[in-house]
Engineer: 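Mind having a look at this structure? Questions to follow.
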Amino acid sequence: MTCDLARQSFSLYLYGELDFQQEQELEQHLDGCAVCRVSLEDERNLHGALDAVACQPSAELLQASRRELRLTVGQLASRRRGRWDWLHAWFNQVSFWRPLGAVALVAVGFFGARVWDAVSGTPPAVLRVRNLQSSPQGHVQLVLEEVRQKTVHGDLDNDQIRAMLLAAASDPSDPALRARTLDFLKAQSEHSDVRQTLLQALRRDPNPGVRLKALEALTPFAADPETRRALTEVLLSDENPGVRTMSVDLLTGEMDTETIGVLQELIVRESNPYIRQKSLKALREVNASIETF
Amino acid sequence: MLTGKSEASTVFVQAQASPTDEADLIRAAQRGDAAAFETLVQSYDQAVLRLACNLLRNEQDAFDIYQETFLRVYRNLNQFRFDCSFKTWLYRIVTNLCLDQLRKKKVRKEEPTTVATASGEVDRMAVVPEANPLGDPQRNLMSAQLQDRIERVLAELTPRERMVFEMRHYQGMRLRAIGEVLGTTEEAAKNCLFRATQKMRSALGDFV
């Protein structure tokens, strides 16, 4: 691979969009080309600079958008219901139907409410039958599952809010929500339950973006023994080079004998030349051997 | 105690439906269940708003795109037949609306570099407030210049390049999913992303 070709593929490489062979060729080239390694670092900086202009819509804009949409959809729904107006006009023309209709509506409302209350109480947003049994009297007993949506507001140091954030941080259905949650939790990382959640996300979250957020939040605790244990595990086993790069940076910020051993092991098994280079540099700085004996 | 404050430190906890729940929600909304429709909207509306804000760089435009997107979803939900994911269907709507808006913006006259004030015309950049007035002034200037340059480069990309870049870089979508949303192949989306990043590198290379 030539330097020109290598440089052209840096961006797709950083996005993880090169196929296996292209990535292999690029990494082999980077292994032997210091100039391209520097260029790759420039490209990484460019990606970082682009992150800085990301636009996050305000909570006020989101609320205003939701309010307006609710209003418009409500109007559209009532217009749809208005298609039955011809029936209403006919009722108005035939005068004796009006008291009769009113009595019928009251009766339907009364009996309907009784029946509905007996079955399920207030209508939920989403309702699913989970189990059912018959009774000797011929009744049916249903076990229902309800899903409701609720918005809560509160400060980050509120215990209830924190408990909900901790639950959202491990919601398996949405990595973006987990990443955003860790961003919020970052400010609360002095709490041990928050720290445990961050460590768990770093070790187990399937999404590399979420793991990077966890690393970012754990940066002030890089000297803490439990955090260093997690960083070591991640450095030796995480499949994402970005996560491994950040872990090596945090670990080498404070070199101890254990870290030296980890870096020596890493040099043997690490496939990414950039991370290997970083480890070598850190070992050289403390005059440590680059091999295990 | 929970309060109703809406300050910077306020959090909005959003429930997210799992795929099975989502199918149930869609069916309920198709039957006219307003609460199900609202839950469905709120599962995706932050992402839609962020996409529109990032692409159009204007809160009012993003607000309009949000309204138009979800009204189209409301009007056409009965035609949704589950032959692709709801997210792909929704993103097709929002990306088409944003592409139209970007194309309109492209043909509009560019904003002047100066702005009229009581004391005469001044450069736009001179009236932009500093991000961190207590920080290193040279660094702040550098970062403001870089930000301005990035905004300009993004504005110079074609609407399609801009869209692919936005979805890959800021929304974290894979190129295959982007191709599906834009009705093209993964390879074509890759070429588009390649062109976008090449343009940005040549315009910003000396800055970073």
Engineer: Measuring heavy-atom distances to chain B, does A/D51 have an atom under 4.5 Å in its side chain, in its backbone, in both, or in neither?
Structural biologist: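 For A/D51, heavy atoms of backbone and side chain both lie under 4.5 Å from chain B.
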Engineer: Applying side-chain contact (heavy atoms from CB on, under 4.5 Å) to A/L76 and B/R75, what does each step give before you reach the verdict?
Structural biologist: CA-CA 9 Å; A/L76 283 174; B/R75 290 196 186 106; 4.3 Å; yes
Engineer: Mind checking what makes side chain to side chain donor-acceptor pair (under 3.5 Å) contact with A/R37, not counting sequence neighbours?
Structural biologist: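 Side chain to side chain donor-acceptor pair (under 3.5 Å) check on A/R37 returns nothing, list empty.
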Engineer: Rounded at 0.5 Å granularity, tell me how far OG1 in B/T197 sits from CG in A/L46.
Structural biologist: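 B/T197 OG1 to A/L46 CG: 8.5 Å, rounded to 0.5 Å.
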Engineer: Go through B/E38 and A/R66 one step at a time and tell me if the side-chain contact (heavy atoms from CB on, under 4.5 Å) criterion holds.
Structural biologist: CA-CA 9 Å; B/E38 191 161 335; A/R66 286 179 175 175; over 6 Å; no
Engineer: Using 0.5 Å steps for rounding, measure from the CG atom of B/L71 to the CD atom of A/E68.
Structural biologist: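 Between B/L71 CG and A/E68 CD, I get 8.5 Å after rounding to 0.5 Å.
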Engineer: Counting heavy-atom pairs under 4.5 Å to chain B, which of A/V73, A/T72, A/D159, A/L14 comes out on top?
Structural biologist: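 Looking at each option in turn, the highest pair count goes to A/V73.
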Engineer: Within a 6.0 Å radius of atom CZ on B/F82, are there more than 12 heavy atoms belonging to other residues, nucleotides or ligands?
Structural biologist: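 Check passes, neighbour count above 12.
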Engineer: Which atoms form the tightest heavy-atom contact between A/S65 and B/F63, and what is the distance?
Structural biologist: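 Nearest heavy atoms, A/S65 then B/F63: OG-CD1, 3.4 Å.
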Engineer: Could you tell me the separation between the OH atom of A/Y15 and the CZ atom of B/F194, rounded to the nearest 0.5 Å?
Structural biologist: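 The OH atom of A/Y15 sits 13.0 Å away from the CZ atom of B/F194.
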Engineer: Provide the closest heavy-atom pair for A/L50 versus B/F165 in the form atom of the first, atom of the second, distance.
Structural biologist: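 The pair with the smallest heavy-atom distance is CD1-CZ, 3.8 Å.
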Engineer: Give, as side chain, backbone, both or neither, the part of A/Q8 having an atom under 4.5 angstrom from any heavy atom of chain B.
Structural biologist: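 Contact with chain B: backbone and side chain both.
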Engineer: Return the option, out of B/Q198, B/R176, B/R168, B/E166, with the maximum number of heavy-atom pairs under 4.5 Å with chain A.
Structural biologist: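 Heavy-atom pair counts peak at B/R168.
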Engineer: In chain order, what residues pass the ring pair (Phe, Tyr, Trp, His ring centres under 6.0 Å) check against A/F10, with sequence neighbours excluded?
Structural biologist: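 Once residues adjacent in sequence are excluded, A/F10 has no partner under the ring pair (Phe, Tyr, Trp, His ring centres under 6.0 Å) criterion.
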Engineer: Write down the atom of B/C53, the atom of A/L61, and the distance for their closest heavy-atom approach.
Structural biologist: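 What the structure gives for the nearest pair is SG-CD2, 4.0 Å.
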Engineer: Going from CE on B/M200 to CD on A/E43, what distance comes out if it is rounded to the nearest 0.5 angstrom?
Structural biologist: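 Here the rounded value is 9.5 Å.
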Engineer: At a heavy-atom distance under 4.5 Å, which candidate from B/Q171, B/R57, B/K190, B/R174 has the highest pair count against chain A?
Structural biologist: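 When all of B/Q171, B/R57, B/K190, B/R174 are compared, B/R174 has the most.
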Engineer: Check each atom of A/S58 against the heavy atoms of chain B and say whether the ones under 4.5 Å are side chain, backbone, both or neither.
Structural biologist: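 Both parts, backbone and side chain.
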Engineer: Got a sec: does the CD of A/E190 have more than 12 other heavy atoms crowding it under 6.0 Å?
Structural biologist: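 Yes - once you tally the heavy atoms of other residues, nucleotides and ligands closer than 6.0 Å, there are more than 12.
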Engineer: Under 4.5 Å from any heavy atom of chain A, what part of B/I150 do you find: side chain, backbone, both or neither?
Structural biologist: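 For B/I150, the side chain is the part near chain A, not the backbone.
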Engineer: Report which part of A/L69 has an atom under 4.5 Å of a heavy atom belonging to chain B: side chain, backbone, both, or neither.
Structural biologist: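 Answer is both: backbone and side chain atoms of A/L69 are under 4.5 Å from chain B.
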Engineer: Under the side-chain contact (heavy atoms from CB on, under 4.5 Å) rule, what do B/L55 and A/C55 come out as? Steps first, then yes or no, please.
Structural biologist: CA-CA 9 Å; B/L55 282 168; A/C55 164; over 6 Å; no
Engineer: Counting only non-hydrogen atoms closer than 4.5 Å, does B/Y66 touch chain A with its backbone (N, CA, C, O), its side chain (CB onward), both, or neither?
Structural biologist: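 When you check distances to chain A, only side chain atoms of B/Y66 fall under 4.5 Å.
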Engineer: With a 4.5 angstrom heavy-atom cut-off, is it the side chain or the backbone of B/L193 that approaches chain A, or both, or neither?
Structural biologist: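 For B/L193, the contact with chain A is made by the side chain alone.
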